[in-house]
Structures are given as C-alpha cells and as structure tokens.
Enquirer: 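One structure follows; several queries about it will come next.
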Amino acid sequence: MADPAAILDEAYERIAAASFELPNGFVNHGAMACEALDALGRDDEVDAWARRFAHLGGARVEASKPGRFDPEEALGSYRMLGEWIGWFERRLEEDGWEAVVGTWVPRLMPAFRAMLFHAPIRVAHAVRAIAESDTPARRAELARALGYWGARYDAGPPLPADPPAFESGRPDGLSVAVVEAAARGARRYLSRPNIFFLHGVTGAMAVALLLPHLDEQAATAALARVRVEHDALYSEAVPSNPVPVGVPAAEVVAKAVASRDPHQVKLVEACRRGFDLTGDPAFVAAAETVTGLARS
C-alpha cells in the first residue's frame, strides 16, 4: 500500500507545473482539492485528481530568484508571482515554515478576500500538510501558496477600532469563534447555495486551520477579518434554518469525490471539521446541499 504522505507529495510535485489560474480567470483548485481529499482519507483519489488539474490550461509560473525584491513594494503585483515564490522558498529555507507562517499570514490577512478567499484557502491547506510532514514538496507548495497570496494581495476594509468580543469560556475560544462564523455563513449558503456564499464557509474554515500557528493578537485580528468580510458577503442574505436529511457521512464524502468538483470536496471536508468541533447541524446540511443529497 502506498504511503499517503508520499502520494500527496507527488501530487504537489505534479501541480507545481500547473497554472495558478485558468484562461477563464478561475483559480486552479488542484493543490487544495488534493490536500482536502487526503484529509478526508481518500488518498486513493489524490493521484488521479492531481493529474487532471496539472493539465488544465493556463500559463505555468516558475519560481525565480529575485535580485532586489521588496515585498512591501511587490504586494499585489501578479507579474512578480515568480519572484514571490522564489522569495518565499528562501524564507522557508532560512527561517523555517513556522516562523514564516507566523509572520506572513498576519501580514497578508488584510487581503483575506483575495481571489474570493482562494489565496488564504490554498495557504491553509498547505500549512496543514506541512504541519503533518515537513517535506520538500510541501515546502514548495507552501511557498507557492504564500507567493500567490502576496501577488494577489488586495486589502479589504479596515477592521473596526473596537472589534466585537468573542466568548472565550474554553481554551480554544478563538477557534470556536471562527468556526461559529463559518456556521453562520453555512446558514446563509443554505438560503442561497451559490459559489460566493460557499467560499465564505471554506474561507472561514481555512482561517481555523491557520489559527494554531498565530499568536493571540494575530489570531484575534484574523477572527475580526472573517467577521468584516462576512458582513460584506452576506449583507443581504437571510439565514436558513438547517434541516439535515441525515445521509451517512461516508456517503456524503463519496458523492463529493464522485462529482469531480473541487468545491464539493473542499466544502464537505470543511463542514466535517466544523461539525466535529461544534456539532452545529448547519455544517451537515451544507455538505448535503452542495453534493445534491439534500434533494435526493
């Protein structure tokens, strides 16, 4: 039986030669989908998905060794994506991934909404992968993900001077607060199941993956950022009361995998984490909805 860690590493190596964005302007979801499949225990599907996404159209972007590179000046410059990747490769080699994530995720978090949350979502999947096993392929993927976020940086509105408090009655209070924000997003997704509202859920659950690697100040700011962006995204949406059908979790995962749709796989994986932490039925209902099982 193949080593699941090696399978994901090989997938990252294949996808490193792929485009970040497709000719239609959509994001290439290959790296995120493969890591989500791995997290769902479906490593048997990872190689096939990696091969499919590695051959989608779009321009390849190779890492380049920047001469003079000022990350502050380069923020939001997509033409410098190769330099961004090369710069993060060097930072990861010299400083270690934990230090780079702890420094740069807070720096990039004002652009949480970058490419409909896809930039931070890709970083979060890469961080979970490297936290499990620090390999060259996973370091390379983390450099590519961080580089993409830097190159597509687009700061959102400023945070409120006095952000709302959160309930901190348990040690993981901040994580719970972020997941509860994702659950509120799931209720709005249930009322209007569209691609935009879906990404509010997966975006918040990506932040939940990043919080353990941030200090308290940065984690609190990340929660505030999720709330600000959700306020904008869901401003006109009325939450729906979640009524799960009760489909077995394994069947929901199987349906998402069979769809060949990375959005289904990513949302189902995110909803499983959310439900495991909070028991909120909105996550179950959202996973059933995105796979079509709620209407079966």
Side-chain angles (χ1 to χ4, degrees), residues 20-21 25-29 32 70-81 84 88 100-127 142 144-166 174-175 177-189 192 194-237 239 263 266-267 270 274:
F20 282 81
E21 297 175 1
F26 291 171
V27 172
N28 188 328
H29 289 74
M32 296 173 278
D70 185 337
E72 295 299 324
E73 293 181 0
L75 278 173
S77 176
Y78 193 68
R79 68 178 180 81
M80 298 188 71
L81 177 56
W84 270 111
F88 272 119
V100 173
V101 168
T103 298
W104 274 93
V105 165
R107 177 66 187 86
L108 296 170
M109 190 57 71
F112 174 54
R113 68 182 181 185
M115 299 303 292
L116 191 56
F117 309 110
H118 284 104
I121 291 172
R122 183 164 181 172
V123 169
H125 282 281
V127 166
L142 180 55
R144 294 177 71 78
L146 286 166
Y148 183 62
W149 198 355
R152 282 301 190 199
Y153 186 91
D154 179 20
L159 297 180
D162 186 19
F166 66 93
L174 270 167
S175 294
V178 169
V179 176
E180 288 174 344
R184 290 191 291 273
R187 283 175 165 77
R188 285 149 181 82
Y189 168 75
R192 291 167 57 184
N194 60 52
I195 198 68
F196 299 102
F197 285 7
L198 180 153
H199 283 94
V201 181
T202 52
M205 291 306 297
V207 172
L209 291 177
L210 294 170
L211 287 190
H213 307 283
L214 307 180
D215 63 31
E216 184 174 358
Q217 180 179 1
T220 301
L223 169 60
R225 177 59 56 187
V226 170
R227 288 173 167 173
V228 164
E229 297 297 352
H230 274 195
D231 286 347
L233 178 65
Y234 299 124
S235 61
E236 299 180 1
H263 293 105
K266 291 193 301 168
L267 184 61

Enquirer: Please say whether the positively charged group of R107, taken as NZ for Lys or CZ for Arg, lies over the ring of Y153, i.e. under 6.0 angstrom from the six-membered ring centre and within 45 degrees of the axis.
Expert: yes
Enquirer: Angle between ring planes, H230 versus Y234, binned at 30° and 60°: parallel, tilted or perpendicular?
Expert: perpendicular
Enquirer: Quick check: do L267 and V201 have side-chain heavy atoms less than 4.5 Å from each other?
Expert: yes
Enquirer: Can you find a pair of side-chain heavy atoms, one from P157 and one from R225, that are under 4.5 Å apart?
Expert: yes
Enquirer: Kindly compute the distance separating CG (L142) from NE2 (H125), expressed to the nearest 0.5 Å.
Expert: 13.0 Å
Enquirer: With salt bridge (Lys or Arg N to Asp or Glu O under 4.0 Å) as the test, would you mind laying out the steps for R152 and E21 before giving the verdict?
Expert: CA-CA 11 Å; R152 282 301 190 199; E21 297 175 1; 2.9 Å; yes
Enquirer: Nearest 0.5 Å, please: how far is CD in E180 from CZ in R184?
Expert: 6.5 Å
Enquirer: Under the side chain to side chain contact (heavy atoms under 4.5 Å, CB included) test, which residues partner L233, sequence neighbours left out?
Expert: F117, F196, F197
Enquirer: Mind listing the closest non-hydrogen atom pair of V178 and A208 along with its distance?
Expert: CG1-N, 3.9 Å
Enquirer: I'd like to know whether V127 forms a side chain to side chain contact (heavy atoms under 4.5 Å, CB included) with L209, so could you lay out the CA-CA distance, the side-chain angles of the two residues, the decisive distance to 0.1 Å, and finally the verdict.
Expert: CA-CA 8 Å; V127 166; L209 291 177; over 6 Å; no
Enquirer: What are the two closest heavy atoms between V226 and A181, and how far apart are they?
Expert: CG1-CB, 4.0 Å
Enquirer: Decide yes or no for Y148 and V123: does some side-chain heavy atom of the first lie under 4.5 Å from some side-chain heavy atom of the second?
Expert: no
Enquirer: If you define the side chain from C-beta out and look only at heavy atoms, does anything of P120 sit under 4.5 Å from M109?
Expert: no
Enquirer: Could you name each residue pair satisfying ring pair (Phe, Tyr, Trp, His ring centres under 6.0 Å) that touches residues 206-225, not counting sequence neighbours?
Expert: W97-H213
Enquirer: So does R188 pair up with E236, basic N to acidic O under 4.0 Å?
Expert: no
Enquirer: Roughly how far, to the nearest 0.5 Å, is the OH atom of Y189 from the OG1 atom of T202?
Expert: 10.0 Å
Enquirer: Taking atom OG1 of T103 and atom CG of L214, what is their separation to the nearest 0.5 Å?
Expert: 10.0 Å
Enquirer: Out of curiosity, E216 CD to L211 CG, how far, rounded to the nearest 0.5 Å?
Expert: 11.0 Å
Enquirer: So does A74 get a backbone contact from the side chain of W84, meaning a donor-acceptor N/O pair under 3.5 Å?
Expert: yes
Enquirer: Please check this pair: side chain of R113 against backbone of A155, looking for a donor-acceptor N/O pair closer than 3.5 Å.
Expert: yes
Enquirer: Could you tell me if the side chain of W149 sits less than 4.5 Å from the side chain of W104, heavy atoms only?
Expert: no
Enquirer: If you compare all heavy atoms of A219 against all heavy atoms of L174, which two are closest, and at what distance to 0.1 Å?
Expert: CB-CD1, 3.7 Å
Enquirer: Parallel, tilted or perpendicular: which describes the rings of H199 and H29, with under 30° parallel and over 60° perpendicular?
Expert: tilted
Enquirer: For the residue pair P110 and P106, what are the closest heavy atoms and their distance?
Expert: CD-O, 3.5 Å
Enquirer: For residues L81 and A151, report the shortest heavy-atom separation together with the two atoms involved.
Expert: CD1-CB, 3.8 Å
Enquirer: Is the shortest heavy-atom distance from the side chain of L108 to the side chain of L75 under 4.5 Å?
Expert: yes
Enquirer: Where is the tightest heavy-atom contact between V179 and G274, given as atom of each residue plus distance?
Expert: CG1-CA, 3.8 Å
Enquirer: Would you mind reporting whether L198 and N194 have side-chain heavy atoms less than 4.5 Å apart?
Expert: no
Enquirer: Do M205 and K266 have side-chain heavy atoms sitting under 4.5 Å apart?
Expert: no
Enquirer: Would N28 and F20 satisfy side chain to side chain contact (heavy atoms under 4.5 Å, CB included), going step by step from the backbone distance to the final call?
Expert: CA-CA 5 Å; N28 188 328; F20 282 81; 5.8 Å; no
